[in-house]
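All chains are named by letter (A, B, ...) in the order of the sequence lines, taking the proteins before the strands, and each is independently numbered beginning at 1. Quick caveat, the model's predicted, so the values are computed rather than measured.
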Number of protein chains: 2
Amino acid sequence: MREKLENYFSFVFEKELLDEIEQVGVYKKLRENELLVDLGDKMKGVPLLLEGAIKIVREDKKGEEILLYFLERGDTCASSFASAISNGKCGIRAIAEKESEIIFLPAAKLDEWLVKYKTWRNFVIDSYNIRLNEMMETIDTLAFMRMDERLYKYLKDKAQIMREMSLNTTHQEIAYDLHTSRVVISRLLKQLENEGKIKLNRNRIEILEF
Amino acid sequence: MREKLENYFSFVFEKELLDEIEQVGVYKKLRENELLVDLGDKMKGVPLLLEGAIKIVREDKKGEEILLYFLERGDTCASSFASAISNGKCGIRAIAEKESEIIFLPAAKLDEWLVKYKTWRNFVIDSYNIRLNEMMETIDTLAFMRMDERLYKYLKDKAQIMREMSLNTTHQEIAYDLHTSRVVISRLLKQLENEGKIKLNRNRIEILEF
DNA sequence: TAGAATTTGTAACAAATGTTACAAATCAGC
DNA sequence: GCTGATTTGTAACATTTGTTACAAATTCTA
């Protein structure tokens with residue numbers, strides 16, 4: 001764990017903080033599709049993502065879903081931070097898109113470290129800023145793009161996160177993430193294929209153009 | 001200024017911090033429709049809103065706009081905070097919806113206060129959390145609601161912010177905020193009027209049902 | 001008060017997205 | 001192999017949203 005921690009955070013956190021994290025942090029391995037945070041959870045800590053990819057999804061009362069963004073290694077979940085510090089509920093769901101490794105940091109330390117470590121302050125503020133920007137990008141996408149553009153962007157974003165030009169997924173799953181119907185996705189995927197941008201196979205989509 | 005500061009922040013900030021804010025903060029009065037922050041600005045400080053209402057708008061490269069949310073008294077602009085601390089550019093535009101009063105806090109103090117005052121840490125974290133939640137609500141609205149629902153919600157939200165059941169606005173302005181066309185707004189407003197929820201006049205919309 | 005500018009109403013049509021229904025293809029397990 | 005479940009393709013149609021065009025109503029200004 002120390003090794004992975006050093007890998008991604010030695011340029012972010014000072015040595016003393018890394019030591020503390022190693023002491024109090026709880027390492028956890030997530031298998032693919034494992035649920036990390038559910039809607040309404042009260043977080044007792046914050047996850048630091050060491051490896052893998054995590055999908056953050058918003059759900060409303062009626063159970064309708066939409067993908068907000070993905071977390072990559074080095075990221076943390078700002079919404080958990082909110083929930084952990086203020087003891088409130090989390091408004092999102094987090095699911096591992098592939099096998100991932102995290103370190104869980106206990107809520108009690110979060111505020112203490114803000115005082116003690118400038119690098120921690122920077123990290124927290126940066127995380128919030130990154131997340132705000134991510135949310136703005138999501139809003140841009142929803143407000144300004146048509147479904148065909150959103151779909152193509154989704155495929156490219158996911159390929160980047162998964163570090164794979166070939167995605168294992170079904171039309172139905174994509175429809176859930178983009179909050180539309182399977183038929184619409186099938187139609188637009190076929191259109192993208194005709195334009196030569198992707199290649200369709202059962203349970204697999206290859207991205208040909210980036 | 002001290003009086004207004006005490007009014008809304010005496011239960012938020014400790015006395016020493018209020019003193020410091022009074023010393024270094026710059027008071028400013030904004031007239032209606034005055035531009036406070038523009039797209040791409042580098043913020044040299046953060047505004048605290050003492051009085052009034054400020055509209056936060058997102059704009060993409062093509063000049064297309066959409067309303068993100070409103071700020072009320074007691075609020076601050078998380079996006080400015082981001083920009084001020086990291087010396088980056090601001091991704092939004094802020095415009096006074098009505099005459100407003102703000103205090104501008106210099107960037108230099110922001111980090112210093114994080115160490116010195118627990119109340120400031122709470123305020124900053126809370127502000128980020130409130131903004132993240134506001135963004136999620138905006139995303140819910142865009143992803144899950146039809147235009148007629150969005151329009152009605154917009155009217156009610158704006159009435160609340162302006163503390164007025166009667167809004168001075170045109171169909172075109174609403175269309176800009178919701179990123180649609182004037183004709184669509186006129187059509188849906190007429191529909192809401194027929195349902196007895198609002199009453200239409202030139203340059204004025206009364207909300208009858210809340 | 002006449003004429004210009006702004007705001008609103010509405011029709012007719014186009015495009016995008018959503019829905020229902022069903023068939024064909026592929027796969028998993030026996 | 002056969003059978004049932006899953007996934008994909010596609011047609012036909014409904015609904016929502018966007019566009020163009022133009023007239024009427026209201027306000028502003030000279």
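Regarding contacts with the backbone of dG18(C), a side-chain N or O of Thr180(A) is found under 4.0 angstrom from either OP1 or OP2.
When distances are taken from the side chain of Lys190(A) to each of dG9(D), dT17(D), dT7(D), the shortest belongs to dG9(D). Relative to the side chain of Arg182(B), the nucleotides dA21(D), dG9(D), dT19(D) differ in distance, and dA21(D) lies closest. Comparing dT7(D), dT10(D), dT8(C) by their nearest atom to the side chain of Thr170(A) picks out dT7(D). Of all nucleotides listed (dT7(D), dG9(C), dG18(D)), dT7(D) comes nearest to the side chain of Arg202(A).
Counted by atom type alone, Glu65(A) and His179(A) present zero donor-acceptor pairs between their side chains at under 3.5 Å. Checked by atom type, the side-chain pair Ser186(A)/Arg182(A) shows a donor-acceptor distance below 3.5 Å.
Rounding to whole angstrom units, CD of residue Gln191(B) and P of dT8(C) are separated by 18 Å. A straight line from CZ of Arg204(B) to P of dT8(C) spans 12 Å, rounded to a whole angstrom. For the pair Leu142(B) CG and dT17(D) P, the computed distance is 12 Å after rounding to whole Å. In this structure, Arg150(A) places its CZ atom 11 Å from C1' of dT17(C), rounding to the nearest Å. Atom CG of Asn168(A) and atom P of dT7(D) are 12 Å apart (whole Å). One interatomic measurement links the two molecules: NE2 of His171(B) to P of dT10(C), which rounds to 11 Å at whole-angstrom precision. Rounded to a whole Å, the CD atom of Glu173(B) is 8 Å from the P atom of dT7(C). Whole-Å rounding puts the Tyr176(B) OH to dT6(C) C1' distance at 13 Å.
Annotation: Glu209(A), atom CD; neighbour count of heavy atoms from other residues, nucleotides and ligands within 6.0 Å is above 12.
Heavy-atom nearest nucleotides on DNA chain C were determined for Asp148(A) and for Val183(B), and the one closer to the 5' end corresponds to Val183(B).
Using a 4.0 Å heavy-atom criterion, one finds that Arg146(B) contacts the sugar-phosphate atoms exclusively. Using a 4.0 Å heavy-atom criterion, one finds that Ser181(B) contacts the bases of the nucleic acid, with or without backbone contacts as well.
Note on Glu97(A) versus Lys158(A): salt bridge recorded, some NZ/NE/NH1/NH2 to OD/OE distance being below 4.0 Å.
Distance alone, capped at 3.5 Å, places no donor-acceptor pair between the Arg93(B) side chain and the Glu59(B) backbone.
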